[in-house]
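Here's the structure we're looking at; comments come further down.
Heavy-atom basis, side chains included; hydrogens, waters and symmetry copies ignored. Since this is a predicted model, take the numbers as computed values, not measurements.
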Amino acid sequence: MPGDSTVNFNLLHRTCKLVVLLCFLHISVTVVFYVRSLDIRFAFVQNQQSHEHTATQTHRPGDTSLTGEPEPQAAGSQKEGAAEVQPEGKKAEEPGKKAEEPGKKAEEPGKKAEEPGKKAEEPGKKAEEPGKKLEKCPETSPLLVGPLRVEFNTPVSLEQIKKENPNLRPGGRFKPRDCEALQKVAIIIPFRKRDEHLKYWLYYLHPILQRQQLDYGVYVINQDGDVIFNRAKLLNVGYTEALKEYDYECFIFSDVDLIPMDDRNTYKCFSQPRHLSVSMDKFGFRLPYNQYFGGVSSMSKEQYLKINGFPNNYWGWGGEDDDIYNRLASKGMSISRPSGEVGKCRMIRHDRDKQNEPNPQRFDRIAHTRETMYKDGINSLSYKVVKTEKFDLFTKITVDVGKP
């Protein structure tokens, strides 16, 4: 047993020596490889530095060896060694960078210079806005208020009306600023010696027409002299004269003493001729008869020309509106109207005008409308303009329409 213990101890001792020897050998090999790797890294760094130094010498600024034309140098410049070339190159590049920085700064004022340009464009945009095509106005204006109170107890002045309608242009012209009107409307008023009535008409109608977003003009056609009044012929004159001034598409023919009581009764043209003064207080706010077309009416240019305009031979009061109805009916057109509530109107009470007595021939003429309408109308109109006056609220055209 003691012998076996000695043998085991010796074996263990030898094994330990062998392990220690192997560890030493491993450590030695590791150290050798580590040292060799340091040598390789050092040699690599030296080699890289050598290449960079050579490249700097070959491509230093000012070297013209590639062109064969050496650049003249100042005295003493050849004493500078190769070692000085690289610092010079760096110094040469640094000012270049500094030279670029002012360039950037030089661009910044350019940007600032563009900013005023942008500001300069903004007024240009504002200047373009009026010329910019506006959207169409809506079919029903959002500015309408509905039923209106119409009174004639308090006198009104032209100066007052002018102050209350600052957006009107000379001649009683107006167009919306924020949208394009759906129609260009000429409002024709046959007139003679009704100045007070005209003031009320202008007082009430201008605000209404503006809320209706119309592109409109007001034309007061004044019959010159004291010859018997001819309403229908004055309407033909108004149609003709208004078209000389503007390309109107729609024509409103209105008596000067009728005021609408609801701004939803739009003064524009429709697919059929329109009778606008449906419910007059004079008739108890009822239509006197179904064929009635007097007071206020509207026609498009096409509708008007289709019936050859209005008759020129109705001198005195009455008959012309029934003749116009017969012309429309003979051409297959029907009369459109607003509702009785929307179409309410008030008439300014007055005595019958002198030289406007009832026309005794009106019934005979009405009976022969179909035969006379093609030779009596816009195609046979003759008149002479005496004077045209552009006032702030309306255009007044005084005309000589001849005699019966």
With sequence neighbours left out, write down each residue that passes ring-ring contact (aromatic ring centres under 6.0 Å, His included) with His197, or none if nothing qualifies. His350
Hey, are the side chains of Ser330 and Met373 touching, using non-hydrogen atoms and a 4.5 Å cut-off? yes
With a cut-off of under 6.0 Å to the ring centre and 45° to the axis, is Lys184 in cation-pi contact with Tyr248? no
Give the ring-plane orientation class for Tyr292 versus Phe283, where under 30° counts as parallel, over 60° as perpendicular and anything between as tilted. perpendicular
Are there more than 12 heavy atoms of other residues, nucleotides or ligands under 6.0 Å from atom NZ of Lys390? yes
Sequence neighbours left out, what pairs pass disulfide bond (SG atoms under 2.5 Å apart) with at least one residue falling in residues 221-299? Cys250-Cys269
When you measure from the centre of the six-membered ring of Phe270, is the NZ or CZ of Arg274 closer than 6.0 Å and no more than 45° off the axis? yes
side-chain hydrogen bond (donor to acceptor under 3.5 Å, both in side chains) involving Ser298 - partner list, sequence neighbours excluded: none
Greater than 12 external heavy atoms within 6.0 Å of Lys301's NZ: no
Taking the basic N atoms (NZ, or NE/NH1/NH2) and the acidic carboxylate oxygens, is any pair closer than 4.0 Å for Arg365 and Asp323? no
Any pair counted as ring-ring contact (aromatic ring centres under 6.0 Å, His included), so long as it reaches residues 170-193, sequence neighbours left out: Phe174-Tyr216
The reported gap from CG in Leu209 to CG in Asp215 (rounded to nearest 0.5 angstrom) is 11.5 Å
Looking only at the side chains, is there a donor atom on one of Tyr203 and Glu164 sitting less than 3.5 Å from an acceptor on the other? no
Determine, step by step, whether Phe251 and Ser300 satisfy the side chain to side chain contact (heavy atoms under 4.5 Å, CB included) criterion, reporting the C-alpha distance in whole Å, the side-chain angles of both residues, the deciding distance to 0.1 Å, and the verdict. CA-CA 6 Å; Phe251 298 85; Ser300 68; over 6 Å; no
His275 vs Phe293 aromatic rings, parallel, tilted or perpendicular, using cut-offs 30° and 60°? tilted
Check whether any side-chain N or O of Ser279 sits under 3.5 Å from a backbone N or O of Gly340 as a donor-acceptor pair, and report yes or no. yes
Is Arg173 close enough and on-axis enough to Tyr246, meaning under 6.0 Å and within 45°, for cation-pi? yes
Summary of ring-ring contact (aromatic ring centres under 6.0 Å, His included) pairs that have at least one residue in residues 384-404, sequence neighbours excluded: Phe391-Phe394
Measure the shortest side-chain to side-chain distance between Pro190 and Ile221 over non-hydrogen atoms and say whether it is less than 4.5 angstrom. no
Could you tell me whether Glu180 and Lys136 make a salt bridge, using a distance below 4.0 angstrom between a side-chain N and a carboxylate O? yes
With Ser380, which residues qualify under side-chain hydrogen bond (donor to acceptor under 3.5 Å, both in side chains), at least two apart? Asn312
